[in-house]
Amino acid sequence: EERARVPAELKKELDMDGVMAVNKPANWTSFDVVAKVRSELGKLLRNANAELTYKQCRVKVGHGGTLDPMATGVLVLGVGSGTKLMDEYTKGSKCYEAVGAFGFETD
């Protein structure tokens, strides 16, 4: 069975391929962000062409690395053919910043 595809003209018109940075909110998993972006892009495709099936409106979305659910920060997403570029965008070194205080005690 051949996989349903979004018509190339529509995909190009809506610019559904690339890489984006998302500011991940606290209490969202990286997968939650991917699922939300995938859902919103699918809605955009269905609104652009009501004749497309659900399968034709499924957009490939992936993330460049998992962030802890409690963490906030930049989550790099690949969309469509942009998912193939994720290794290039995420292979560099990473830097983390934290703020703390000494002399406090918690239960």
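- With rounding to the nearest 0.5 angstrom, the CG atom of Leu45 is 7.0 Å from the CG atom of Leu41.
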Side chain to side chain contact (heavy atoms under 4.5 Å, CB included) assessment of Val19 paired with Val76: CA-CA 7 Å; Val19 176; Val76 181; 3.6 Å; yes
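- A salt bridge (charged side-chain N to carboxylate O under 4.0 Å, His left out) check over residues 38-54, counting only residues at least two apart or in different chains, returns the pairs Lys36-Glu40, Glu40-Lys43.
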Take Val79 and Val59, measure what side chain to side chain contact (heavy atoms under 4.5 Å, CB included) needs, and give me the verdict at the end. CA-CA 7 Å; Val79 178; Val59 179; 3.7 Å; yes
With side chain to side chain contact (heavy atoms under 4.5 Å, CB included) as the criterion, how do Asn23 and Val74 come out once you've worked through the C-alpha distance, each side chain's angles and the decisive distance to 0.1 Å? CA-CA 5 Å; Asn23 187 7; Val74 176; 5.7 Å; no
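- For Leu75, the side-chain contact (heavy atoms from CB on, under 4.5 Å) partners two or more places apart in sequence, or in a different chain, are Lys24, Ser30, Val33, His63, Leu67, Leu77.
- Between atom NZ of residue Lys60 and atom CG of residue Asp17 there is a gap of 10.5 Å, rounded to the nearest 0.5 Å.
- In terms of the side-chain contact (heavy atoms from CB on, under 4.5 Å) criterion, residue partners of Thr29 (sequence neighbours excluded) are, by chain and number, Phe31, Asp32, Pro69.
- Counting only residues at least two apart or on different chains, the salt bridge (charged side-chain N to carboxylate O under 4.0 Å, His left out) pairs with a member in residues 68-93 are Glu88-Lys91.
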